[in-house]
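Note on naming: letters A, B, ... go to the chains in the order of the sequence lines (proteins, then strands), and numbering restarts at 1 for each one. Owing to the predicted nature of the structure, the values given are computational and were not obtained by experimental measurement.
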Amino acid sequence: MKKSYTRSLDIKHGCVDMSHGSGGRSMAQLIEELFSQAFNNEYLSQGNDGALLPSIKGQLVMATDSHVVSPLFFAGGDIGCLAVHGTINDVAMMGAQPLYLAASFILEEGFPLVDLQRIVASMAKASIEAGVPIVTGDTKVVEKGKGDGVFITTTGIGVVRDGLMLSGDLARPGDKILLSGTIGDHGMAIMTQREGMTFDTPIISDTAALHGLVSAMLNCGAVIKTLRDPTRGGLATTLNEIAKQSGVGMLLQEATIPVNAAVEAACEFIGLDPLYVANEGKLIAICAPQDVEKLLQVMHEHPLGVQTAVIGEVLEDTHHFVQMVTKLGGRRMVDWLAGEQLPRIC
Amino acid sequence: MKYVDEFRDGELAKIISANIAQEATAVSGYNLMEFCGGHTHAISRYGITDLLPANVRMIHGPGCPVCVLPIGRVDQAIRLALEYSVILCTYADTLRVPASGGLSLLKAKARGADVRMVYSTQDALKVARDNPEREVVFLAIGFETTTPPTAVAIQQAAAENLNNFSILCYHVLTPAAMHAILSVEGGKTVPLNGFVGPAHVSTVIGSKPYEPFADDYNKPVVIAGFEPLDVMQAILMLIRQVNDGRAEVENEFTRAVTREGNLKAQHIVDEVFELRDSFEWRGLGSVPDSALKLRSKYFSFDAELKFNVDYVPVADNKACECGAILRGEKRPQDCRIFAIGCTPDNPVGSCMVSSEGACAAHYTYGRFRQIPIVAEALS
Ligand code: SF4
């Protein structure tokens, strides 16, 4: 009997169609030719419904994150690497070493395979660079008009070293607040692209996996109380969350918060406040004052922490207000966002 | 960014602040109204009150387009969207303004009204072009800054015979509101010593329309940009005028404002609009010659006429002090429900909606001032 022959995927001209999510042969082919080849690792190639993983000693951390970014490709990255970084960072912010990822795709009928391949390649690259393999996955296809090209959900597992406990409720009055670099880069890269704005120096997303930086920080001997990555809602939202969780207030110094010039200009133009704009490769650390120097030193030595700054301190405040001394020398609150951050009208 | 930082420099701010402290010697103090919501926002966001001595008081004015829109006007827009099934295009700020019956445009949208947020009048025109079988109404609000783009849109719509496009024209005029404030001043507890004049509005109308306030009412006016240092410099200039017994129109914002303003824009506005006899403002009541309507040649683009939706005045929520705040008689914290029943997430009055509204600005940036907090500055 002749060996069955299937024509290989026409990635250059092909599109996702409903059969790619049907569980039939074309789905198997899509998975084989596009996903498995790119993500290739021993767990994935077991070819089962789930991945059988080696036993791990220690407490586990699990995190999940869905990605629905539009545009799918932006300066500095795309939805693929973003989906890898996002979940790795969520695991890392718990102080854990990320070990494995799972990825789930919702594809819209008609989505060009060439774009899908680009996204998958970018995920594979991010996962290899981070040393965190994608060990299992799933694909579904929705009818045209029911999705926005691609949605990707990733889930990660990591392990925490014995005795380590990081949490948003551990900030105490007197503690210092560190920020690993400039704010607003990711959100403004997306916004400016959406609005068709161009700048002399393009705004590039800061999307990056932070677990290397976190590991250096944990190894330096400083006692870190809280780690958070200020993603959606930006620095302001994340600090308000921590203040509320810990039952404290905060006082920031605006002059110490790093913002790229182009990001500041774009925010000004659109009428946004960089404090509320999303980041995808930055972290906030809270530690006791005596640990600041140690932490600053290792963070400055890491490529993702070169611009780390002490941006403020934790206060006693039953209202859990986050306040800021402005560059001008006055005071303001840095409040929770009300509604969406919308452009002004005049 | 160099261009921005120049106007936000902390060192310069200290110098101006020191000058203000030194020169603001009048025991009776200085009550200065910043007319514009843009200035209110800058003052709150940069904490400028911390850099002023106690006898220099900033009073928020009515220059916030969303804030001065009375409930009845929002109702009118909602009726159009719900009962006449038009596509209602609006700027984002207007979406959450509370209207009658617990509604807002946003809530009307949830009930099935086709309300769309646009960034410009051009977006609204595009919606009209893309939906020839639907009626598209643009909610045209704002002071003199937003009027020229509306005028251009009307001219375009006329040229294109875009007959499914019309506007609810709620454009209002700055000088008229200043007159209204000064004419009720007799009944005020706090007399005004001067105005920080609008930035963007003045780029269009120029500084000339403010001259009557100096000449007839004897109130100094200093036109200022929206950057915090602009505002501080304007405050210093006002204090100097008061000290010298002068009442002049001065221009701090010379990098953008001239005496005559933008004549081309004024001409376009004049071609399309004429004065309404009277228009009701929230807080100021009915003010004669204070708003615009379309000239008769453009009547067919006037949604109020096209759809026969009358304006029905509606009283503000009893607890809400927006009216008094817009007149400069009260401060947000004087409202009993400020930050309790009324917050940006659940606004009761319009001043809590727009980021330029006095209540929203004070809630978002300044409400810690009402609550003493052990907040030692970082050493
Ligand atoms: S706090 Fe709310 S209810 Fe009170 S005056 Fe302001 S907007 Fe009106």
Exercise. Compare all side-chain heavy atoms of L328(A) with those of L229(B) and state whether any distance is below 4.5 angstrom.
Key: yes
Quiz item: When rounded to the nearest 0.5 angstrom, what distance separates OH in Y46(B) from CD in E254(A)?
Solution: 7.0 Å
Quiz item: Say you draw a straight line from CZ of R332(A) to CZ of R369(B); how long is it, rounded to the nearest 0.5 Å?
Solution: 11.0 Å
Quiz item: Once you round to the nearest 0.5 Å, how far does CZ of F368(B) lie from CG of L251(A)?
Solution: 9.0 Å
Exercise. Please collect all salt bridge (charged side-chain N to carboxylate O under 4.0 Å, His left out) contacts where either partner lies in residues 220-236 of chain A, sequence neighbours excluded, each pair once.
Key: D175(A)-K225(A), R228(A)-E241(A)
Quiz item: Between CG of D335(A) and OG1 of T343(B), what distance do you get to the nearest 0.5 Å?
Solution: 9.5 Å
Quiz item: With sequence neighbours left out, what residues match F253(B) under ring pair (Phe, Tyr, Trp, His ring centres under 6.0 Å)?
Solution: none
Quiz prompt | More than 12 heavy atoms from other groups under 6.0 Å of CD on Q290(A) | solution = yes
Self-check item: Proximity breakdown for S44(B) and chain A, heavy-atom pairs closer than 4.5 Å
Solution: backbone
Quiz item: What residue, out of E11(B), M232(B), R45(B), K14(B), has the most heavy-atom pairs lying under 4.5 Å from chain A?
Solution: R45(B)
